[in-house]
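These notes concern the structure reproduced below.
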Amino acid sequence: MEKKEVQRLFKEYMKEQGFSVKGNRCFKHVDDQYIIGIWLDHSSFGKVYRIVYGVIYLPTEEDKQFPFANSCDWSSRFYFTKDPSDDLAKYPVELLDTARISDVTFQCSYENRTKEEFLASFTLNMERRFSHIYNKEYVLNQYR
């Protein structure tokens, strides 16, 4: 895939989930005191994206207008298999410490993936990783 195609797929998917989109950042105001977001982080060293997601507690007015432009209170990343033909579903990507599994990486080398492979991995991450942050207590429990 090309860089622009990844961006398009990402934005379309997130809009379908009810997120607002600004550039490569997508966000949703869960309530006045909690914002969740996800964004594409392109590598300077290759044709690779990292997909980062996070939360903002007690957002300032600037956070409300431009969420995730500078920082957030907590963030994590999506995981992908190093081999695009490998099945991500067989790995425990819902665990925060998945980085210790040698066949899994937080970098998505998009030039080596098809649209279908990207969307399958992205959807799995949305279900197993991202879905937890809708619950405000989830992130707080990571710190406890």
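Keep in mind the model is a prediction, meaning the values are calculated, not measured.
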Go through the structure and list residues passing ring-ring contact (aromatic ring centres under 6.0 Å, His included) with Phe27, not counting sequence neighbours. His29

Tell me, please, which residues at least two apart from Gln65 pass side-chain hydrogen bond (donor to acceptor under 3.5 Å, both in side chains). none

Could you go through residues 35-45 and list every donor-acceptor pair under 3.5 Å that involves a side-chain atom there, pairing it with any protein atom two or more places apart or in another chain?
{"residue": "Asp41", "atom": "OD2", "partner": "Arg50", "partner atom": "NE", "Å": "3.2"}
{"residue": "Asp41", "atom": "OD2", "partner": "Arg50", "partner atom": "NH2", "Å": "3.2"}
{"residue": "His42", "atom": "NE2", "partner": "Tyr110", "partner atom": "OH", "Å": "2.9"}
{"residue": "Ser43", "atom": "OG", "partner": "Phe45", "partner atom": "N", "Å": "3.0"}

Spacing of CG belonging to Asp63 relative to CG belonging to Asn70, to within rounding of 0.5 Å: 8.0 Å

Going from CD on Glu111 to CD on Glu2, what distance comes out if it is rounded to the nearest 0.5 angstrom? 8.5 Å

Keeping Lys15 on the side-chain end and Phe10 on the backbone end, is there a donor-acceptor pair under 3.5 Å? no

Walk me through it: do Asn141 and Asn135 pass the test side-chain contact (heavy atoms from CB on, under 4.5 Å)? CA-CA 10 Å; Asn141 286 334; Asn135 176 356; over 6 Å; no

Before giving the answer on side-chain contact (heavy atoms from CB on, under 4.5 Å), spell out for Asp73 and Val139 the whole-Å C-alpha distance, their side-chain angles and the decisive distance to 0.1 Å. CA-CA 9 Å; Asp73 295 316; Val139 173; over 6 Å; no

Gln33 side chain reached by Ile56 side chain, heavy atoms, under 4.5 Å: no

Ring-ring centroid check Phe130 Tyr53, cutoff 6.0 Å: yes

For the pair Cys108 and Phe118, evaluate side-chain contact (heavy atoms from CB on, under 4.5 Å) and give the outcome as yes or no after the intermediate values. CA-CA 8 Å; Cys108 176; Phe118 173 78; 3.8 Å; yes

Heavy atoms of Pro92 and Ile101 approach each other most closely as CD-CD1, 3.6 Å

Pairing residues for Asp83 by the side-chain contact (heavy atoms from CB on, under 4.5 Å) criterion, not counting sequence neighbours: Ser85, Asp86

Heavy atoms, side chains only, cut-off 4.5 Å: are Asn112 and Glu117 in contact? no

Rounded to the nearest 0.5 Å, the NE2 atom of His132 sits from the CD atom of Glu127 at a distance of 10.5 Å

Count the heavy atoms of every other residue, nucleotide or ligand shown that sit under 6.0 Å from NZ of Lys47, and state whether that count exceeds 12. no

Give the minimum heavy-atom separation between Glu94 and Tyr138, together with the two atoms involved. O-OH, 4.4 Å

In one Ile/Leu/Val/Met/Phe/Trp/Tyr side-chain cluster, 4.5 Å: Val6, Val21: no

Go through the steps for Lys64 and Glu61 under the test salt bridge (charged side-chain N to carboxylate O under 4.0 Å, His left out), then give the verdict. CA-CA 5 Å; Lys64 289 179 182 178; Glu61 284 305 313; 3.7 Å; yes

Note: Ser121 and Arg113 closest approach over all heavy atoms is OG-NH1, 4.3 Å

Between Tyr91 and Val104 the two heavy atoms that sit nearest each other are CG-CG2, 3.6 Å

Looking at residues at least two apart in the chain, or sitting in another chain, which of them share a side-chain hydrogen bond (donor to acceptor under 3.5 Å, both in side chains) with Asn24? none

So if you build clusters from Ile, Leu, Val, Met, Phe, Trp, Tyr with side-chain heavy-atom gaps below 4.5 Å, do Met1 and Phe80 land together? yes

Is there a side-chain contact between Ser76 and Arg129 (heavy atoms, below 4.5 Å)? yes

Do Tyr49 and Lys3 make a side-chain contact, defined as non-hydrogen atoms from C-beta onward lying under 4.5 Å apart? yes

State, to 0.1 Å, how close Cys72 and Gly54 come at their nearest heavy-atom pair, and which atoms those are. SG-CA, 4.4 Å

Heavy-atom distance under 4.5 Å between the side chains of Met14 and Met126, does that happen here? yes

Within 6.0 Å of NZ in Lys90, more than 12 heavy atoms from elsewhere: yes

Can you tell me how far the CG atom of Leu9 sits from the NZ atom of Lys115, to the nearest 0.5 Å? 5.5 Å

Measure from the ring center of Phe122 to the ring center of Tyr13 and say whether it is less than 6.0 Å. yes

Run the ring-ring contact (aromatic ring centres under 6.0 Å, His included) test against Tyr57 and tell me which residues pass, sequence neighbours left out. Tyr34

With heavy-atom distances below 4.5 Å as the criterion, would you say the side chains of Lys82 and Asp103 are in contact? no

May I ask you to test the Ile133-Trp74 pair for a side-chain heavy-atom distance under 4.5 Å? yes

May I ask you to check if Arg25 and Phe68 form a cation-pi contact, with NZ or CZ under 6.0 angstrom from the six-membered ring centre and within 45° of the axis? no

